[in-house]
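The sequence lines fix the lettering, A, B, ..., with proteins before strands; numbering per chain opens at 1. These numbers come from a predicted model, not from an experiment. What you see below is based on every heavy atom in this structure, not just the backbone, and it leaves out hydrogens, waters and symmetry mates.
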Protein chains: 2
Amino acid sequence: MKNLESNPENDISTEGKIKNAARTVFHKKGFAAARTRDIAEEAGINLALLNYYFRSKEKLFNIVMLETFQNFFASIATVFNDSDSSLEGKIEKFASDYIDLLFQEPEIPLFIMSEIRNNPVELMKRIDLKGAVFNSVFFKQYIERVKEGKIKELHFLHFMMNFMGLIAFPFIAKPLLKELSGSNEEQFNEIVAERKTLIPVWMKAILTS
Amino acid sequence: MKNLESNPENDISTEGKIKNAARTVFHKKGFAAARTRDIAEEAGINLALLNYYFRSKEKLFNIVMLETFQNFFASIATVFNDSDSSLEGKIEKFASDYIDLLFQEPEIPLFIMSEIRNNPVELMKRIDLKGAVFNSVFFKQYIERVKEGKIKELHFLHFMMNFMGLIAFPFIAKPLLKELSGSNEEQFNEIVAERKTLIPVWMKAILTS
DNA sequence: GTCTATAACGTGATAGAC
DNA sequence: GTCTATCACGTTATAGAC
């Protein structure tokens, strides 16, 4: 699974530096709390240049947000449509790859959920999530498994809530969960890493319970 | 389980009206995106009164945030420390009660996670989450069950991630999940309501898999 | 206590020199 | 293209009348 970002860090153009900085700051603080001055500083350039290249904070944000969103779901689609693997294989691969990905960019789930809250419609119009799900090989295999009676009849939405939640929730609730468990960064990450192999086992247990 | 809020809606004092309005607006938009004008309007009072009573936006926010946070976890502690019920009974009761609670205030999980991100330490210092967890009857029963060999040996943090995630994630990711599944509000809520009884079954499956 | 009017401030955006 | 300086605006906060 490739990196979530299309602009690698070795993008040394000014425009690229600004976009990378914007991504960092927006992901960490969200649109409303992020200041263009923060972004300029992070990029090591002057505030005026930001507007020179991107016209406005909002335009810059829309670019970053759309890219993040697209990359986030493109990486889902890849695994979901691999035609060589079984349903179980896809579950294993997805859990493992996605948790690795989230270790690299842990703020993304909370960022996406927060920003969608403030902009429920606009963004998702541009990506056909529904189609991507229901036309995926993964979905067809799921339905097939249910028909065969190999797994319990369970609304696919439940499945997605469970699967995505088990993967993403530790990253969304990390500060809380660390505090609540008294873990330090290292211990916490170790536990989360274990989930790469545990989640597929649990999903199977859920689907056959 | 009591309502999350300590200031009921029949609080007709001006101070109470402002606080209730602030809670509504902050929960929906977060600190940075919320405007004091929005809060004043929501409360049906003048902007100047907000500062008269609470001095500043930040002070008002801190009050609301602390209250939300305390109430949120007070309602956890209640179920977790009921000494009359078994571990399984607590899981059932908690899942059911908490999902009902979140139907009343669906923005709270995302609100809490978002605001903790911007203020990781301050807030949680004031509540001994760690102690509340490890001293709870629930935790002791969990450890006991593991010792008995009745459930799998699984780090309690995994258990909490799974349990909390299964309950809260649908509310955190609601706009996304609705879009992705093509559900309308009613259909979505129906599915989530089913989880009140499904989650205990799944937790059991996870713990014995 | 509650209001109107306004001050003070922070932030996004631009003008203009280089 | 890049910078410094500054403007323009929205929002928080306060002064002062009632």
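Using a 4.0 Å cut-off between a side-chain N of Lys or Arg and a carboxylate O of Asp or Glu, Lys174(A) and Glu185(A) qualify as a salt bridge.
Other residues, nucleotides and ligands place more than 12 heavy atoms under 6.0 Å from the NZ atom of Lys196(B). In Gln187(A), the CD atom is crowded: over 12 heavy atoms of neighbouring residues, nucleotides or ligands sit closer than 6.0 Å. Heavy atoms from other residues, nucleotides or ligands lying under 6.0 Å from CD of Gln70(B) number more than 12.
Ile45(B) has its CD1 atom 7 Å from the P atom of dC3(C), to the nearest Å. Atom pair Phe61(B):CZ and dT11(D):P shows a separation of 18 Å (rounding to whole Å applied). Rounded to whole angstrom, the span from the OH atom of Tyr53(B) across to the P atom of dA13(D) amounts to 18 Å. The interatomic distance linking Ile18(A) (CD1) with dT2(D) (C1') rounds to 10 Å, in whole Å. The distance between atom CD of Glu15(B) and atom C1' of dG1(C), rounded to the nearest whole Å, is 12 Å.
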**Complete:** 5' to 3', nucleotides 5-18 of chain C under a 4.0 Å protein heavy-atom cut-off (B base, S sugar-phosphate only, - none) gives ------BBBBB---
Please list every donor-acceptor pair under 3.5 Å in which a side-chain atom of residues 56-66 of chain A meets a protein atom from a residue at least two apart or in another chain.
{"from": "Ser56(A)", "atom 1": "OG", "to": "Glu58(A)", "atom 2": "N", "distance (Å)": "3.4"}
{"from": "Ser56(A)", "atom 1": "OG", "to": "Lys59(A)", "atom 2": "N", "distance (Å)": "3.1"}
{"from": "Lys57(A)", "atom 1": "NZ", "to": "Phe31(A)", "atom 2": "O", "distance (Å)": "3.0"}
{"from": "Lys57(A)", "atom 1": "NZ", "to": "Ala34(A)", "atom 2": "O", "distance (Å)": "2.8"}
{"from": "Asn62(A)", "atom 1": "ND2", "to": "Glu58(A)", "atom 2": "O", "distance (Å)": "3.4"}

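Side-chain contact between Tyr98(B) and Phe163(B) is absent, with no heavy atoms from C-beta onward closer than 4.5 Å.
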